[in-house]
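Input: a single structure, listed below in structure tokens.
Naming: A, B, ... by sequence-line order, numbering from 1 per chain.
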Amino acid sequence: MSEFQRPSSKKEFDRNFSQIKPFLNETQAYYESSRCLFCYDAPCIQACPTGIDIPLFIRQIHSGNTIGAAKTIYDANYLGHACGQVCPTEVLCEGACVYNHQHIKPIEIGRLQSFATTQAIIQNKKLFITGKPNGKKVAVIGAGPAGISCACELRMLGYEVDIFEAKEKPSGLTLYGVAPYKITNKEALDEIKYLQEQFEFSVKYRSPIVSKRDIEKLEIKYDAIFIGIGLGETSEIKISGENLRNCVGATEFIEKLRLTQHRVHVGNKVIVLGGGNTAMDAASESARMGADKVILAYRRSKEEMKAYDFEYELAKKVGVKSLFNVAPVKIIGKTKVESIKFIRTRTRRGKIEAIKGTEFVENCDMVIKATGQAKHVDFFSHIPGLELDDSGRIRVNKMFQTKNKKYFAAGDAANGGKEVVNAAAEGKAAARGIHRFIIGK
Amino acid sequence: MPDLSVNFAGIKSPNPFWLASAPPTNSGYQVMKAFDAGWGGAVWKTLGIPIVNVSSRYGALNYRDTRMMGFNNIELISDRPLKDNLREIEEVKKHFPNHAVVASLMVQSREEWHQIVKDVENAGADGVELNFGCPHGMCERGMGSAVGQEPNVLKTIVSWVKEVSKKPVIVKLTPNITDITEPAIAARLGGADAISLINTIQSLVGVDLDNFVTYPAVDGKSTNGGYCGPAVKPIALNMVKNCAQEQGVNLPISGIGGIENWRDAVEFILLGATNVQVCTAVMHYGFGIIREMIPGLERYMADKGFNHINEMVGKALPNIKTWENLNLNYKVIAEINKKKCIECQLCYIACEDGAHQAIGLPKGNGQRVPFIIEENCVGCNLCSLVCPVEGCITMVRKDDGSKVETWHDRTEKGNIPTTFNDQLAGGTHHWIPEPLDALKHKKSNRD
């Protein structure tokens with residue numbers, strides 16, 4: 001699997017991680033947009049969590065009103081550009097395109113969307129006029145998709161908004177968690193900058209809200225607080241050897257990859273534990289970083305993988321191999337990871353059973369755990385009355401209001417880990433909820 | 001194998017596909033190349049006193065992903081000296097004696113007409129085509145469509161030409177007129193041997209929204225041009241049919257207007273053309289399109305059992321009636337093939353907003369295939385036309401065909417509506433929603 005050379009420079013990194021949805025040029029956009037049928041009650045709109053009027057923006061692109069198209073997109077989804085790039089369009093809008101019924105290639109909606117938003121961002125076109133100040137203030141915790149989306153909508157409704165972000169940069173998972181071949185760092189940050197200039201919300205970076213005292217301060221100053229902090233670090237799988245060197249969490253690995261790019265160390269033989277989309281990303285990324293061999297190891301069968309088919313295909317395409325129905329027993333090594341001992345499994349009535357006597361050892365020099373992320377349970381305990389469900393997600397009502405009426409939550413912290421587009425949709429809806437709570441509308 | 005050769009008013013060619021008088025026939029080089037590619041004839045770019053052209057000459061109407069669905073030009077007749085053209089005509093005829101070379105002509109005085117007709121016939125042209133159609137540039141000088149719009153002038157000039165011509169004379173007609181048969185009849189009265197139509201339609205192809213000038217712009221200014229290309233075919237077909245059905249014309253017709261494949265050509269022939277002329281499609285794709293046209297026509301003729309083009313000419317004419325002679329009892333209703341439906345619901349919204357509210361949508365989860373409300377369907381075809389899937393919506397006949405009754409029949413029987421609120425009105429018993437039903441959805445949204 002020497003398809004990819006180890007990148008030693010940013011240029012080589014960019015080549016290994018070239019965009020899987022490259023920008024359309026004007027001619028491509030012209031022809032692609034011409035194919036849209038302008039369906040009535042279009043299934044693509046229904047499939048979009050943010051309900052973008054897709055046939056309309058495509059028609060606008062085709063008639064040469066690209067900025068108008070961008071307005072249509074941003075009217076529905078403040079993270080229009082990020083979503084055009086990173087959305088799993090194959091299972092959303094493009095998967096719903098009626099052309100699929102006749103085995104005709106669906107419209108490339110994601111790429112058309114980015115085509116329009118790119119024009120608006122490059123030209124720095126002001127598309128929105130924020131609402132008349134209503135004198136109320138809202139704190140948004142987390143500058144990820146949910147928080148940014150919530151902030152934009154709140155500004156439209158006339159609120160003063162301060163975003164508190166623990167990290168150095170905004171965008172959340174779009175910057176720190178999405179595979180680099182889906183969106184570049186620059187694009188993700190440019191969109192936030194573009195939004196911030198229009199919506200004029202403030203973002204306080206390196207300002208984690210963690211303690212009870214932090215929260216109490218916010219409560220005094222703000223009329224409502226929005227929690228958009230996503231998920232925490234990769235959770236422990238609780239087997240021995242987990243603390244050996246070169247055994248890392250997928251979330252942490254991807255974040256490091258996004259920020260330090262070619263400088264990230266990747267082993268020669270990498271085993272990725274997990275069967276979700278994050279596992280697929282981590283495996284693809286290891287392969288693109290020049291690992292000789294990358295193996296996905298999943299406790300259940302191929303059919304039971306939670307990853308989208310196209311994500312699995314993407315991993316396979318770069319040479320990733322798979323082991324199904326295997327559970328790690330322990331990670332072996334002196335100081336560094338040397339191998340994993342697995343046991344074969346089967347699924348019976350939905351539960352996994354280890355099959356006795358089927359242990360085997362697979363050598364490796366790196367283990368990436370894509371086995372789920374922890375919730376910020378400690379932090380949540382500081383908020384009086386906040387209720388969590390069994391899996392640690394914040395319980396919210398239809399308005400995205402938590403059991404503590406002053407607090408609203410959306411995105412991964414409330415939904416347990418979905419797409420950027422879900423966070424964008426929920427963050428905006430939560431702003432409406434906050435408005436209803438404060439103003440009664 | 002069917003015989004594609006044609007004798008058009010005495011001009012013979014190996015097939016009915018001619019190049020129209022236009023930029024593709026500007027030179028001997030192009031015409032030779034075309035004949036070599038398989039074209040049966042060519043009408044030379046119009047000769048006369050050479051003109052001076054402007055730079056920036058063409059404009060186009062694009063539709064969705066299709067370039068040049070309509071095409072517009074402000075180019076004039078040949079800008080090359082007559083003697084060069086004559087020498088090249090002679091050379092082409094020497095190499096392609098069995099192909100048709102027709103000289104298109106446009107001059108003013110009787111002397112000029114006499115001289116140029118003799119010149120081109122001496123050069124070996126198989127006939128002449130009088131350009132009474134050009135709707136831009138030349139008409140302001142009293143030529144082209146200025147002649148085609150004045151039947152008496154047209155007739156006089158044709159008779160001048162006939163005074164000296166020994167070869168067939170074709171008159172090319174302009175569509176920029178209310179009744180195309182008037183100049184056609186005048187051509188016959190003047191002694192023409194054939195007519196060709198249509199020339200281009202006077203047009204502005206579009207406006208530059210930034211510079212406030214129409215296309216094509218010449219140094220920030222523009223002028224009307226002549227419109228052609230696939231978009232004009234329906235207009236041309238109707239005019240060809242009008243001339244073919246008019247007893248007073250009774251001349252062979254060369255069909256022109258938006259032809260770019262064998263199907264288009266067959267349509268013109270079925271409506272009364274003996275041959276066809278092509279320009280825009282060649283300007284778009286080159287002479288090579290003939291490779292599709294000839295075998296397509298051959299296969300069609302073989303499938304239909306036609307041995308010769310003449311057997312097809314005007315074959316559709318008996319079926320074109322005036323409206324009052326159409327059967328009012330004929331009834332078709334749309335039928336949707338559920339298996340083919342892709343659920344775009346374009347048929348629904350087209351019928352709902354643009355026709356007769358005769359298509360419904362299923363209620364219930366995920367169901368999207370529309371259904372026809374038979375009692376509302378008037379059989380207008382709109383749904384089947386907007387449907388993007390081949391063969392998904394078909395129009396199915398519902399009457400048994402036993403009773404034919406036309407407007408004409410009903411008029412004779414006194415069985416037609418004659419007063420404003422007559423109960424015999426066709427829509428009297430047709431279901432129409434109440435105006436306020438249009439706003440009902442707003443109410444339900446609020447609930």
Residues, nucleotides or ligands: over 12 heavy atoms within 6.0 Å of Arg397(B) CZ: yes

Derivation and outcome, side-chain contact (heavy atoms from CB on, under 4.5 Å), residues Gln102(A) and Lys340(B): CA-CA 8 Å; Gln102(A) 280 286 324; Lys340(B) 287 190 172 178; 4.2 Å; yes

Cation-pi, Phe38(A) ring and Arg64(B) (6.0 angstrom, 45 degrees): no

Arg368(B) side chain near Pro43(A) side chain, heavy-atom distance below 4.5 Å: yes

Evaluation steps, side-chain contact (heavy atoms from CB on, under 4.5 Å), between Asp353(B) and Tyr40(A): CA-CA 11 Å; Asp353(B) 288 1; Tyr40(A) 177 74; over 6 Å; no

Side-chain touch Asp41(A)/Ile349(B), heavy atoms, less than 4.5 angstrom: no

Heavy-atom neighbours of Asn25(A) CG exceed 12 at 6.0 Å: yes

Flag if over 12 foreign heavy atoms under 6.0 Å of OH, Tyr63(B): no

Structural part of Glu32(A) lying under 4.5 Å from a heavy atom of chain B: neither

Interatomic distance, Ile342(B) atom CD1 to Cys97(A) atom SG [nearest 0.5 angstrom]: 7.5 Å

Other residues, nucleotides, ligands: >12 heavy atoms within 6.0 Å of Lys126(A) NZ: yes

Atom pair NE2/SG of His101(A) and Cys344(B) - distance to nearest 0.5 Å: 9.5 Å

Asp65(B)/Arg35(A) under side-chain contact (heavy atoms from CB on, under 4.5 Å): CA gap, chis, key distance, verdict: CA-CA 8 Å; Asp65(B) 61 341; Arg35(A) 297 203 304 127; 5.6 Å; no

Which atom of Cys39(A) lies closest to which atom of Leu346(B), heavy atoms considered: CA-CD2, 4.2 Å

Residue Glu197(A) excluded, over 12 heavy atoms near CD under 6.0 Å: yes

Heavy-atom neighbours of Lys105(A) NZ exceed 12 at 6.0 Å: yes

